[in-house]
4 protein chains.
Amino acid sequence: MSAASPQSRRPRSGNRRDEAARLAVLHAADDLLVEHGFGALTVEAIARRAGVAKQTIYRWWPSKVEILLDTLIEDSAKRLPVPALEPTAETVRGYLRDFARFLTDDPAGKVLLALVAQAQHDPGTADRLQERYLRPRRDQERDMLTRASAAGEITPALDPDTTLDAVVGPLVYRALTGSDVPPDLVDALAGNLLGPRRG
Amino acid sequence: MSAASPQSRRPRSGNRRDEAARLAVLHAADDLLVEHGFGALTVEAIARRAGVAKQTIYRWWPSKVEILLDTLIEDSAKRLPVPALEPTAETVRGYLRDFARFLTDDPAGKVLLALVAQAQHDPGTADRLQERYLRPRRDQERDMLTRASAAGEITPALDPDTTLDAVVGPLVYRALTGSDVPPDLVDALAGNLLGPRRG
Amino acid sequence: MSAASPQSRRPRSGNRRDEAARLAVLHAADDLLVEHGFGALTVEAIARRAGVAKQTIYRWWPSKVEILLDTLIEDSAKRLPVPALEPTAETVRGYLRDFARFLTDDPAGKVLLALVAQAQHDPGTADRLQERYLRPRRDQERDMLTRASAAGEITPALDPDTTLDAVVGPLVYRALTGSDVPPDLVDALAGNLLGPRRG
Amino acid sequence: MSAASPQSRRPRSGNRRDEAARLAVLHAADDLLVEHGFGALTVEAIARRAGVAKQTIYRWWPSKVEILLDTLIEDSAKRLPVPALEPTAETVRGYLRDFARFLTDDPAGKVLLALVAQAQHDPGTADRLQERYLRPRRDQERDMLTRASAAGEITPALDPDTTLDAVVGPLVYRALTGSDVPPDLVDALAGNLLGPRRG
DNA sequence: TCGTAATCGAGACGGTACGTCAGGTCTTAAC
DNA sequence: GTTAAGACCTGACGTACCGTCTCGATTACGA
């Protein structure tokens, strides 16, 4: 029998949004992206995998890009926080190294890369990615750099935004095109842009 | 009228590949990408626009990515040649500025960006892009840098490949995510990486 | 305007099969066959004419043969019923004459002929045609003959099935090959096979 | 090497029609029809199997139906000749039994059935089949019946053409729809239509 | 003897239809 | 009001044949 005893039925939502369904969708999207690539990331497949109706997805997310943004924001807040208080030279360099590892090793890094790629294919994605992820994070990163610079921890040769682009750009570029992103690269870029290690 | 003057009849190919059809496909793909974005770049649409049968496309190109690669290679050889002989500091800087303009203003630049994006979505694309475009061009660029460095024209702080990634990466990254790519950025990056302008 | 008055909106099906779509497909298939022949009877054309998506056709019918079978069964039940109760000699002869007219004049007759033809081209069609149409109808016809015979209304020279083949065969054969099927032919065959008219 | 000794090279046609190509096409069509059915009988497949260029087919035959007619005419003249001189009751019955076997067992019988079927799908085929095969053969058959009748060998209840339709029709009908065509059926029909066997 | 002409295999070409898949909208029925 | 389910139209996918065409090689005939 498929429908077991009545009381064992999962307590379906009724009137309010079903948090279980929301999480199932986010995880399904994440898993599909990591396991089978962006090409396999269809709304249909997400619904199938999450055990959720397509309509439930369309009701809550205007597009699959927003699903990915949701997972990206939640995951990168948890697993790649921007050092906020009293950043030292080592904190900053550590963050950049973490970022490189995030890009290549973390499932959420794949999500970020997929969104950057999709941003090129679709202007709407570019806007939303900037608005919901890149801009807020950049604000935090700029703040980190400014504080570290003010504290004399680092001596950037360029202004903060250019500096960040100059480090993040190459890492993302290499990750996007299927090249490796060795820690050495981060150190080389950081060394050149943040000033020599003190000592 | 459909049948114009007899002598103006198109000399159809017969047994050999029809160059007119080949060019029609390349141009149609290019135009569609620029005008309506990667999402509109379907084989069906290319065939429609080129006035060509779908089968003709599938006969000669294994995927639309290869079509884009063909246009990219032909166009960027013409419009963005890598300075080869006796590169000076100014030649090198000029090339990088041209590259930035190519990315944002040239239709073929859109093709490159689309391919970089697609490389993230599909590993096969990544391989082919590296193999047919990025690697050969990088070889020329490395050569340019090495010669300029040997001639004392520039004094890069990092090894040639890292230097190139450090300039190209940020430009591509900003172009991909829908940010602008100001000439200032090129100059700032070049100034930092190629050494100070002589004077 | 595309959205007319709210109340005139077609009440689309939702979760259940759309009867309007089903009928549109059956009629479109019928019309196309009659108007342009079997060659024009493509799934694409049926979908176009019925204003229905191809997928809707493939969802409900495994092949266009089954579409034709559906129309044939519904139409010939309505327009060519087999006389069931107390068949007289005249009833039987009338049915056979009706059958001849059905073959040549009724749209559904064209459907039957098309299916008989297609049965030769494809064994699967042969099986389904037998199973869904010919066998059930033959059962009724055999019953009719047996009753009429038992009542002394007719005196067939051969067993019922052979008798039926001996009348139906020539009619279908002539219709198939583009010859005419004159009422005289029916009468001649019936006279020879069912015994002389009483009186 | 693929091309063996030079002298073993096939002596290609030059200026006149290549009889080998003609036969290769006829046999290929026949074989394909018997082995894989009418659905597999495409011009492309015939050309492939015959080792012949499509153009060679289109040069000599306006359609695949004409190819089948060519094979049918040649084969049935050889393997199912109509008894011409002094037909006896047994000759006539023998011819009808042969016809039944031809329909079911002879490859050329499959060709005839395929053409009868196709005649229903396409009026052009109906005309050509009548004109090139059915009418001439019917003329011979009618002649046979008339002579046998004049000689007192048989006593048909109906006029010759109706009689022939009445025998041929059921046989073809059953063969078309995938039923068997037992010899008994021929005998029953013949007995009923040609008069009782003389004793 | 050599050009003219028709043949042949090969296969590119613009098309149409195939049967499948996903997109995004809508309706139902259960909760 | 929300859910899973799924029918619906749309449109692209990559493939198979259609019938037309052009090619280059081959062979026969006639000036």
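Here is the naming used below: chain letters follow the sequence lines, and residue numbers restart at 1 for every chain.
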Using atom types as modelled and distance alone, determine if a side-chain donor or acceptor of B/Lys64 lies under 3.5 Å from a backbone N or O of B/Leu41.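 Yes: the side chain of B/Lys64 pairs with the backbone of B/Leu41.
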Would you say A/Gln130's side chain and B/Thr177's backbone share a donor-acceptor pair under 3.5 angstrom?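 Pair found, side chain donor or acceptor close to backbone of B/Thr177.
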Under-4.0 Å salt bridge between B/Arg132 and B/Asp70: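 The answer is yes: the pair qualifies as a salt bridge.
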To the nearest angstrom, how far is [X] atom [atom1] from [N] atom [atom2]?
X       : N      : atom1 : atom2 : answer
B/Gln55 : E/dC13 : CD    : C1'   : 10 Å
A/Leu23 : F/dT3  : CG    : C1'   : 16 Å
B/Arg48 : F/dG11 : CZ    : C1'   : 9 Å
D/Tyr58 : F/dC17 : OH    : P     : 12 Å
C/Arg59 : F/dA7  : CZ    : P     : 5 Å
B/Asp18 : F/dT20 : CG    : C1'   : 14 Å
C/Ile57 : E/dC18 : CD1   : C1'   : 12 Å
C/Lys54 : E/dT16 : NZ    : P     : 13 Å

Of all heavy-atom pairs between A/Leu129 and A/Ala119, which one has the smallest distance, and what is that distance?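 Here A/Leu129 and A/Ala119 meet closest at CD2-CB, 4.2 Å.
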Starting at the 5' end of DNA chain E and moving along, which residue's nearest nucleotide shows up first, B/Arg22 or C/Glu44?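 Counting from the 5' end, the first nearest nucleotide belongs to B/Arg22.
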Given DNA chain E, 5'-ward residue of the pair A/Ser63 and C/Leu41, judged by closest heavy atom: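 The residue closer to the strand's 5' end, by nearest nucleotide, is C/Leu41.
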Find the distance between CG (D/Leu68) and CG (D/Leu26) and round it off to the nearest 0.5 Å.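 Here the interatomic distance stands at 9.5 Å.
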5' precedence on DNA chain F between B/Thr42 and D/Lys64 (nearest-nucleotide basis):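 Looking at the nearest nucleotide for each, B/Thr42 comes out on the 5' side.
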When you measure from the side chain of D/Val43, which nucleotide among F/dC18, F/dT3, E/dA17 comes out closest?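 For D/Val43, the side-chain atoms sit closest to F/dC18.
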Where the side chain of A/Thr56 is defined as all heavy atoms beyond and including C-beta, which of E/dG15, F/dC18, F/dT3 is the nearest nucleotide?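 Selected nucleotide: F/dT3.
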Please determine whether a side-chain nitrogen or oxygen atom of A/Trp60 lies at a distance below 4.0 Å from atom OP1 or OP2 of F/dT3.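 The answer is yes; a side-chain N or O of A/Trp60 sits under 4.0 Å from OP1 or OP2.
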